[in-house]
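Side chains included, hydrogens not; waters and symmetry mates left out as well; all remaining heavy atoms used.
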Amino acid sequence: MENNHLTVKENYKSFIGLFCFLLGFLVFHVSFADVEQTRSGLSQQRVDVRSQLKRLNKAPVKSIKSPDGDIIDCIHKAHQPALDHPILKDHKIQMRPNFQPEGLVSENKVNGNEERTEPITQLWHLKGTCPEGTIPVRRTKKKDLLRASSVKKYGKKKHFSAPKPRSAEPDLLTQSGHQHAIVYVEGDKYYGAKATINVWEPKIQQPNEFSLSQIWILGGTFGQDLNSIEAGWQVSPDLYGDNRTRLFTYWTSDAYQVTGCYNLLCSGFIQINNQIAMGASIFPVSGYGKSQYDISLLVWKDPKEGNWWIQFGNDYVLGYWPASLFSYLSDSATMIEWGGEVVNSESDGQHTTTQMGSGHFPELGFGKSGYFKNIEIVDASNNLRAPKDIGIFTEQSDCYDVQTGHDGDWGNYFFYGGPGRNSNCP
């Protein structure tokens, strides 16, 4: 009987030993597989990063080191990223628009009082210029790509980042985390838009948030087929690695899903200008109660070729988005928007303190609040004119707000922005 007990105990010990061995063997192999998978993932990431850097950073004719740490590469026009797009393989670069909108206005007063704004430039201009026949391209660095959620998503917006004034679905607006303070027009065919935009350097709470002020040229619906051309200034630590205010453009033909990107970070936008760099910092910026600085942007559709052009200030025609990139915008826009946008990541359940515009509410006025002035649309006759039936849209006016006005010299204008979290916006 005792021998039987010993046999059972021995068998039990053998079973436990075998189980432990098999468990250890399994854990070892799972851990080894995880390590190998991690190594494989890192190896693939390195390959992806190298490939992307090679695609984005074309061989320069000349390079300029900007005081802000940027490197501006002067790339031959024929070698720019735009022409990597499959549908632009045999594209002949259009060196100038056939027509520009008529009816440009002078801008220097508001409410009958002369309000002084100062000239503005880009910081890299302090260190040099790009020669004729080239375009300035901000060099993408390895650390830029590594900040992105993935190499493939670098330079792209998330879905639902365009405001949805009348067809807004609250659940989508909440989920997207994007908030706006804008004015808009819709219900007609639009062939461009213009505005002079006050430039600030709003504070950003977290690196994955941004603050921008821009013009939206929109066509289609706010579902999966939205066409959008966008231009303005932004502060985006994730994209640029700092908190400087930068000139930017964006485009998409499928509601930010696959197509389009910021600046020249994908093929599409064709640049012809050798003096202004997309994504480069703007210098100087406005100060609260101090000197005010603004930029003028005009986006319009060339009536002959159908391409969408952009002009910076009165002197710099930057380039164009070929009509072939779009579906709805190959005809016209159905909505124009002007204003600010921020990302609210709602950390710890509180509203972000990321600022919009100057970081102050619109009622403070000139010198303290951000503004857009001389907002205009381009009509079917290629004329600039004042927009009719302007609407206002903001998700939370206690966080960011907008106030419109009209003046003989500033035309249609509005002040906008806010601080984000405050006593009325917890």
Sub-3.5 Å donor-acceptor pair from the side chain of [X] to the main-chain atoms of [Y], do we have one?
X      : Y      : answer
Arg147 : Asp238 : yes
Ser66  : Gly69  : no
Glu230 : Gln214 : no
Gln52  : Val49  : no
Gln355 : Ile204 : no
Asn227 : Ser253 : yes
Ser369 : Phe366 : no
Asn344 : His351 : no

Could you check if a side-chain atom of [X] sits within less than 4.5 angstrom of a side-chain atom of [Y], using non-hydrogen atoms only?
X      : Y      : value
Tyr154 : Leu265 : yes
Tyr316 : Gln311 : no
Glu305 : Gln94  : yes
Tyr413 : Phe372 : no
Ile215 : Glu337 : no
Ile182 : Val402 : no
Gln403 : Tyr416 : no
Pro362 : Tyr371 : no

With Tyr262 as partner, the option from Tyr240, Phe210, Tyr250 fulfilling ring pair (Phe, Tyr, Trp, His ring centres under 6.0 Å) is Tyr250
Out of Lys58, Lys54, Lys89, which one pairs with Asp84 under the salt bridge (Lys or Arg N to Asp or Glu O under 4.0 Å) rule? Lys58
With Asp73 as partner, the option from Lys65, Lys62, Arg139 fulfilling salt bridge (Lys or Arg N to Asp or Glu O under 4.0 Å) is Arg139
So if I apply the side-chain contact (heavy atoms from CB on, under 4.5 Å) rule between Arg246 and each of Asn263, Val235, Leu239, Asp68, which one comes out positive? Asp68
Taking side-chain contact (heavy atoms from CB on, under 4.5 Å) as the criterion, tell me which of Gln179, Glu209, Gln206 meets it with Thr354. Glu209
Provide the closest heavy-atom pair for [X] versus [Y] in the form atom of the first, atom of the second, distance.
X      : Y      : result
Cys266 : Pro81  : O-CB, 4.4 Å
Ala82  : Leu88  : O-CD1, 3.5 Å
Val183 : Ile375 : CG2-CD1, 3.9 Å
Lys301 : Gly306 : CE-O, 3.3 Å
Ala195 : Trp338 : CB-CD1, 3.6 Å
Gln234 : Phe248 : OE1-CB, 3.5 Å

Which of parallel (below 30°), tilted (30 to 60°) and perpendicular (above 60°) describes Trp251 and His85? tilted
Does Lys189 come within less than 4.0 Å of Asp331, counting only side-chain N to carboxylate O? yes
Pair Ile310-Trp300, side chain to side chain contact (heavy atoms under 4.5 Å, CB included): steps then yes or no: CA-CA 7 Å; Ile310 180 171; Trp300 80 100; 5.9 Å; no
Can you tell me how far [atom2] of [Y] sits from [atom1] of [X], rounded to the nearest 0.5 angstrom?
X      : Y      : atom1 : atom2 : answer
Ser228 : Ile217 : OG    : CD1   : 8.0 Å
Met335 : Ile377 : CE    : CD1   : 14.0 Å
Thr121 : Gln275 : OG1   : CD    : 9.0 Å
Lys194 : Leu384 : NZ    : CG    : 7.0 Å
Leu212 : Glu341 : CG    : CD    : 4.5 Å
Asp379 : Ser332 : CG    : OG    : 12.0 Å

Pair Asn274-Thr134, side chain to side chain donor-acceptor pair (under 3.5 Å): steps then yes or no: CA-CA 6 Å; Asn274 70 324; Thr134 68; 5.4 Å; no
Which is it for Asp302 and Asn98 under the side chain to side chain donor-acceptor pair (under 3.5 Å) test, yes or no, and what are the steps along the way? CA-CA 7 Å; Asp302 185 328; Asn98 293 292; 3.1 Å; yes
Test side chain to side chain donor-acceptor pair (under 3.5 Å) applied to Asp294 and Ser296, step by step: CA-CA 7 Å; Asp294 53 38; Ser296 291; 5.4 Å; no
Under the side chain to side chain contact (heavy atoms under 4.5 Å, CB included) rule, what do Asn198 and Gln292 come out as? Steps first, then yes or no, please. CA-CA 7 Å; Asn198 193 201; Gln292 297 298 295; 3.4 Å; yes
Is the charged tip of Lys156 near the ring of Tyr256: under 6.0 Å from the six-membered ring centre and within 45° of its axis? no
Would a line drawn from the ring center of Tyr320 to the ring center of Trp308 be shorter than 6.0 Å? no
Under the salt bridge (charged side-chain N to carboxylate O under 4.0 Å, His left out) criterion, do Lys373 and Asp409 qualify, and how do the steps go? CA-CA 9 Å; Lys373 65 180 181 178; Asp409 294 290; over 6 Å; no
Chi angles and distances behind the side chain to side chain donor-acceptor pair (under 3.5 Å) call for Asn374, Thr196: CA-CA 6 Å; Asn374 286 115; Thr196 296; 5.3 Å; no
